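What you are looking at is a predicted structure, and each value in this text was computed from that prediction instead of being measured.
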Protein chains: 2
Amino acid sequence: MNNVQEESLRDQKKNRRRRQILEIARGIIAAKGLRSLKVRDVAEAVGCSVGSVYNEFGDFDGVILTVNRETVQALTARLRGVPAEDPVRQLYGLAETYLDFFAGHANLLRSLFEHRMEDDRPYPDDILQMVMDAFALMHPPLVRLLPDADDVKIALLSRTLFSAVHGIISLGLEERMVAVPPQMLRQQIEQFLDVHLKGLGILPLR
Amino acid sequence: MNNVQEESLRDQKKNRRRRQILEIARGIIAAKGLRSLKVRDVAEAVGCSVGSVYNEFGDFDGVILTVNRETVQALTARLRGVPAEDPVRQLYGLAETYLDFFAGHANLLRSLFEHRMEDDRPYPDDILQMVMDAFALMHPPLVRLLPDADDVKIALLSRTLFSAVHGIISLGLEERMVAVPPQMLRQQIEQFLDVHLKGLGILPLR
DNA sequence: TACTCATATGAACATTGTTCAATTTAACTC
DNA sequence: GAGTTAAATTGAACAATGTTCATATGAGTA
């Protein structure tokens with residue numbers, strides 16, 4: 001009995017189309033924002049019927065949520081790529097990598113953080129968990145820098161610090177409002193970390 | 001010539017209805033979220049036609065934006081009510097007042113920060129400006145605490161600090177995700193300020 | 001080939017934002 | 001107060017968009 005099922009022609013087409021739908025949807029969100037995403041536009045661009053989108057994702061929220069899931073996965077991958085030799089440098093690296101990712105994919109990040117479900121259906125737990133896990137990536141370097149601190153406190157500190165950085169970036173990149181230039185925002189983040197690490201009794205880089 | 005124009009019966013009704021529409025719309029957003037706000041629901045609750053909503057606000061975004069405008073005004077009023085005797089206490093007070101307001105009106109705040117315009121029309125400048133002004137309310141106490149610092153730097157610091165607090169609260173109040181309890185969030189904010197003010201060389205309260 | 005059933009289709013439907021010709025009504029004139 | 005005018009109101013019709021489902025298609029199978 002062979003468990004490694006060969007992919008049938010059916011599954012090939014199904015998976016191929018699934019990828020196509022997500023690619024197109026992501027492209028539209030990235031380029032024109034979540035509010036400009038329309039089922040018919042996606043279906044037409046993919047070259048299938050609207051019904052197929054529904055067969056594959058249940059409803060339109062399903063498409064958005066899957067794009068969001070992949071966004072947080074891509075973000076996490078990028079954050080995991082930050083060098084971990086020096087814990088202080090790692091903290092700065094995480095913040096700056098987040099800034100770069102946010103600046104480069106602002107609409108995708110907004111879709112992740114701002115999309116609300118119809119009615120009062122809850123936002124999928126797994127996505128929220130992935131976001132929390134990403135924000136917990138400051139935990140390891142903080143543990144190294146504060147070896148005597150309670151682990152639970154460090155976990156909270158990690159989420160707090162990352163949430164703070166998120167707030168600064170998220171509002172800083174908000175268009176118009178006197179437009180904080182990206183380079184300035186980078187400096188802003190660095191200075192914020194300088195001060196906060198100093199407050200924690202950690203020697204900053206500079 | 002009398003410039004103090006007496007309000008005509010027409011204007012009375014017009015203004016009265018305008019207020020009603022906003023009240024109903026605000027109530028729906030607060031109770032069920034922005035995504036549940038429907039023109040017909042508003043019109044029916046007010047007891048007028050959908051056309052009247054359009055006459056008064058141009059389009060539906062106009063209703064939302066006006067509610068958002070009043071939300072940031074109410075927020076600003078609350079923040080201005082924070083005692084200013086002790087600058088350190090004032091900073092904590094601003095953060096905690098923001099937390100209280102956010103916790104008490106989460107859906108209204110989300111509408112303010114998450115609503116995106118149709119197409120690529122810009123979010124009204126005056127609202128963004130009001131948000132920025134609210135976030136600048138940490139400026140005066142910071143000036144008192146850091147009398148030797150450059151005023152431009154303090155302005156940036158004020159926005160940074162408030163944005164950070166916003167990020168912590170905004171994500172902390174995000175439903176589900178292990179649900180940070182309000183009292184815990186309050187502590188989280190306090191500890192965050194403790195550390196950051198210490199990093200700035202300011203003696204914390206405790 | 002013939003048969004079966006999962007999948008794809010897209011017209012029809014449901015919901016919701018938007019418009020505008022017709023109607024109502026306040027304000028004004030005599 | 002009746003008539004006139006202009007502005008506000010109405011709600012049916014329209015437009016845009018999410019959703020469903022009876023039907024058609026085509027891959028798998030004997």
Original post:
Can you find a side chain N or O atom of B/Ser52 that sits less than 4.0 Å from OP1 or OP2 on D/dT10?
Top reply: yes

**OP:** Remember a base hit wins even if backbone is also touched, and classify A/Phe60 as base, sugar-phosphate or nothing at under 4.0 Å, heavy atoms.
**Re:** sugar-phosphate

Original post:
Looking for any heavy atom pair under 4.0 Å, which part of the strands does B/Arg17 touch: base, sugar-phosphate only, or nothing?
Top reply: sugar-phosphate

**OP:** Write down the distance between CD (B/Gln12) and C1' (D/dT9), rounded to a whole number of angstrom.
**Re:** 18 Å

Subject >> No-hydrogen, no-angle side-chain donor-acceptor test under 3.5 Å, B/Tyr92 and B/Asp194 >> reply: yes

Original post:
Can you tell me if the side-chain N/O atoms of A/Lys38 get under 4.0 Å from OP1 or OP2 in D/dA16?
Top reply: no

Original post:
Is the side chain of B/Ser111 donor-acceptor paired with the backbone N or O of B/Asn107 at a distance under 3.5 Å, no angle test?
Top reply: no

Subject >> Distance in angstrom units between A/Arg16 CZ and C/dA8 P, rounded >> reply: 13 Å

Subject >> Nearest-Å distance for atom pair CG/P, residues B/Asn55 and C/dT25 >> reply: 15 Å

Subject >> Phosphate-side-chain proximity, A/Ser49 and C/dG10, N/O vs OP1/OP2 below 4.0 Å >> reply: no

**OP:** Starting at atom OH of A/Tyr54, determine the distance to atom C1' of D/dA22, rounded to an integer number of angstrom.
**Re:** 18 Å

**OP:** Ignoring the backbone of A/Val39, work out which of C/dG17, D/dG18, D/dT10 is nearest its side chain.
**Re:** D/dG18

Subject >> Rounded interatomic separation in angstrom, taking CZ from B/Arg35 and C1' from C/dT16 >> reply: 13 Å

Original post:
Taking only residues two or more places apart in sequence or in another chain, which ones pass side chain to side chain donor-acceptor pair (under 3.5 Å) with A/Glu114?
Top reply: B/Arg116

Subject >> Salt bridge flag under 4.0 Å for residues A/Arg17 and A/Glu56 >> reply: no

Would you list the atom pairs, donor with acceptor, under 3.5 Å between side chains in residues 39-46 of chain B and any protein atom, with sequence neighbours excluded?
none

**OP:** Provide, to the nearest angstrom, the distance between the CD atom belonging to B/Glu118 and the P atom belonging to C/dT18.
**Re:** 7 Å

Subject >> Rounded distance (Å) that lies between atom P of C/dT25 and atom NZ of B/Lys13 >> reply: 8 Å

Original post:
Want to settle it: does A/Arg40 or A/Gly47 sit nearer the 5' end of DNA chain C, counting the closest nucleotide to each?
Top reply: A/Gly47

Original post:
Nearest-Å distance, CD (A/Glu56) to C1' (C/dT7)?
Top reply: 10 Å

